[in-house]
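Chain letters run A, B, ... following the sequence lines, proteins first, then strands; residues in each count from 1. The basis for the numbers below is simple: all heavy atoms, side chains too, and nothing from hydrogens, waters or symmetry mates. It should be emphasised that the depicted structure is a prediction, and the values quoted were computed from it without experimental measurement.
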Amino acid sequence: MSEEKSLNFIEEIVEEHLKSGKYTSITTRFPPEPNGYLHIGHAKSICLNFGLAKKYGGKTNLRFDDTNPTTEETEYVESIKEDVRWLGFEWAQELYASNYFEQLYGFAMKLIEKGLAYVDDSSSEEIAQQKGTPTTPGVRNAFAERTPEDNAKIFREMREGKYEDGSKVVRAKIDMSSPNMLLRDPIIYRIKHAHHHRTGDDWCIYPMYDFAHGQSDSIENITHSICTLEFVPHRDLYDWCIENLEIFPSHQYEFARLNMTYTVMSKRKLLQLVNEKHVNGWDDPRMSTISGMRRRGYPAEAIREFCDRIGIAKRENLIDVGLLEFCVREQLNKIALRRMVVFDPLKVVITNYTGEEELLTSENNPEDPNGGHREVPFSKELYIEREDFMEVAPKKYFRLSPGQMVRLKSAYIIKCEEVVKDAEGNITEVRCTYIPESKSGSDTSGINVKGTLHWVSISHAATAEVRLYDRLFKVEDVANAEGDFKEHINDDSLHVVGHAYAEPALLNDKVDDRYQFIRKGYFILDKESTSDKLVFNRTVTLKDGWAKEVKKG
RNA sequence: UGCCUGAUAGUAUAAUGGUAGUACGACUGUUUUUGGUGCAGUUUGUCUUGGUUCGAAUCCAGGUCGGGCAACCA
């Protein structure tokens, strides 16, 4: 019995095309504009495009949509390539819309010769005004009457640099009264005396998106050109260009873009967060960027799994970020090395412990029988988490309190005998006794305790900085919340624990290792970590049933 | 006022005229040397009004509500 997973609507279209013989293989493309870093919304598109080709034996190109020299930079090209690769995908070809500038120029000339395009000297205000409104038709001006010969001559001169920015544009001659505003003689070329990150100063005219994208698809024989819903009205123009240019008929299909709770997903807003220093760069672990998530410790596999689970449809959506976190935990639970780190220390003295110290063994990962073990030093003086002790314990509190017993993970059962306070009444130390025959792995004490605590031996502990991240915004639906999105920034999205106490095994682990600090969450070493100073990022917390219980009262 | 587009549990997504299912969440219980994990279970849904049909989430008609469209951005 093979449970066939149901297909999304694009997979259905592809299967139909393959079955009917319309195509014998498919080609898709991922077409970012190199004007910013990729975010989780792009990951959805990447997984879709590359996933489709992988599933149906086709190929996917990485194509940079670099038709606007004033916003695009090589830095972004490099980061995009790194992110796509990190997500686990391999492109067939690395291409650029700017590779096709000469061809695109020829396409425009062809339209001019066919009488389907003309040079317009109007200002952008005039053009906008003549365009009409959605309910009233636009009007065509006198420039539309220029002959193909005149148009060709002026277009050539535009290319040669004879005219200033904004003085002339080339427009496709379609229909000034179309109900689709994009068909009201859209601009296809504009003059920009600007340096392009790849073509340098070779060009001073650049094609518009609508005159570059479909043709680029066509040149590359893209069979399924997949984009997001806001491009639906562009499809008429996409098809018009291909039809009138008589080139390979690529087709555009649209799906709903990803929205996620407690975050923003537009390059404009992400750029603002970076520029105005609300975060520390594009790869700040709180960002919805791929690079931010990577630095935070989200595994690529978890992001792929997430994209798979949210599905592909045409309905507007707002996905709970909790689903992403679920995917991250699911993956990390299987691979993360368990370690003990105390964030907020409370000293525990084992009064009846007579040895100097001993090495105990603890499993690296209880989920992984082949995960191995590490040694953990134990001694008379330990740190436990301050929140794991209460002098007056509420009901169902399974941690340490006077007269109560708990197990120290992978070590012994201890019993709280005495609480030591300073002059102000603050608890400075807890004195306990341990049960020698309760040693982990060879427990003959017969005692059962409800609570198990993480701990570190004070004299063996390494110190580390730990960065705890929370959601960047306070409201679920940031894009649709009242007022400017920055008003909803969560000022408490970063907590730095300057001096956490870590078991020494953390000193020897590899940089790429993923950790679960037992009972605290999943962590990864940050790039700012040095041999003198360990810095960890909290990837995600563990689910906390006790916190939920406390909240309920 | 025009055109395009969509509507299934709290959130997503499936059912392609024939038993409304799955995941996340929430809630129970159970296991556990992590209040984690695992396991078992409970919970909640077809926007609305008509029509076609033996039978409608699905087809048809009207309505309601949401999103998009008038950048020399992509």
Tell me the partner of [N], counting only Watson-Crick (N1-N3 plus N6-O4 or O6-N4) or G-U wobble (N1-O2 and O6-N3) with both under 3.5 Å; none if nothing fits.
N      : answer
G41(B) : C27(B)
A12(B) : U22(B)
U48(B) : G62(B)
U53(B) : none

What does nucleotides 67-74 of chain B look like as a protein-contact string, B for base, S for sugar-phosphate only, - for none, at under 4.0 angstrom between heavy atoms?
S-SB-BSB
Reading nucleotides 30-39 of chain B from the 5' end, what letters show protein touch, with B for base, S for backbone sugar-phosphate only, - for no heavy atom under 4.0 Å?
---BBBBS--
Rounded to whole angstrom units, what separation is found between the [atom1] atom of [X] and the [atom2] atom of [N]?
X         : N      : atom1 : atom2 : answer
Tyr262(A) : U11(B) : OH    : P     : 13 Å
Asn317(A) : A12(B) : CG    : C1'   : 7 Å
Arg257(A) : U5(B)  : CZ    : C1'   : 15 Å
Phe9(A)   : A15(B) : CZ    : C1'   : 17 Å
Asp477(A) : A12(B) : CG    : C1'   : 15 Å
Glu325(A) : U11(B) : CD    : C1'   : 14 Å
Phe255(A) : U5(B)  : CZ    : C1'   : 16 Å
Leu7(A)   : G21(B) : CG    : C1'   : 16 Å

[N] to [M] separation - [atom1] atoms, rounded to the nearest Å:
N      : M      : atom1 : answer
G41(B) : G51(B) : C1'   : 42 Å
U28(B) : G36(B) : P     : 13 Å
U22(B) : A9(B)  : P     : 16 Å
C39(B) : C47(B) : C1'   : 38 Å
U58(B) : G50(B) : P     : 14 Å
U46(B) : A57(B) : C1'   : 5 Å
A12(B) : G25(B) : C1'   : 11 Å
G18(B) : C72(B) : P     : 49 Å

Main-chain N/O of Ala256(A) paired to Lys44(A) side chain as donor or acceptor, under 3.5 Å
yes
Examine distances only and state if a side-chain atom of Asp66(A) and a backbone atom of Ser98(A) form a donor-acceptor pair shorter than 3.5 Å.
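A pair under 3.5 Å: yes.
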At under 4.0 Å between heavy atoms, what does Ile413(A) touch on the DNA or RNA strands: base, sugar-phosphate, or nothing?
nothing
Might you work through the salt bridge (charged side-chain N to carboxylate O under 4.0 Å, His left out) test for Arg235(A) and Glu254(A), ending with a clear yes or no?
CA-CA 9 Å; Arg235(A) 193 173 60 230; Glu254(A) 311 88 6; 2.7 Å; yes
Salt bridge or not between [X] and [Y]? Use side-chain N to carboxylate O under 4.0 Å.
X         : Y         : result
Arg374(A) : Glu503(A) : yes
Glu220(A) : Arg63(A)  : yes
Arg338(A) : Glu367(A) : no

Please lay out, stage by stage, how Glu385(A) and Leu453(A) fare under the test side chain to side chain contact (heavy atoms under 4.5 Å, CB included).
CA-CA 8 Å; Glu385(A) 212 67 65; Leu453(A) 309 184; over 6 Å; no
Residue Gln129(A) excluded, over 12 heavy atoms near CD under 6.0 Å
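Result for CD/Gln129(A): open.
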Is Gln516(A) close to Leu542(A) at the side-chain level, that is, under 4.5 Å between some pair of heavy atoms?
yes
Run through Tyr206(A), Tyr163(A), Phe155(A) and flag the one making a ring pair (Phe, Tyr, Trp, His ring centres under 6.0 Å) with Tyr189(A).
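Testing each of Tyr206(A), Tyr163(A), Phe155(A) against Tyr189(A), the sole residue satisfying ring pair (Phe, Tyr, Trp, His ring centres under 6.0 Å) is Phe155(A).
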If I take atom CG from residue Leu382(A) and atom OH from residue Tyr501(A), how far apart are they, to the nearest 0.5 angstrom?
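Those atoms lie 14.0 Å apart.
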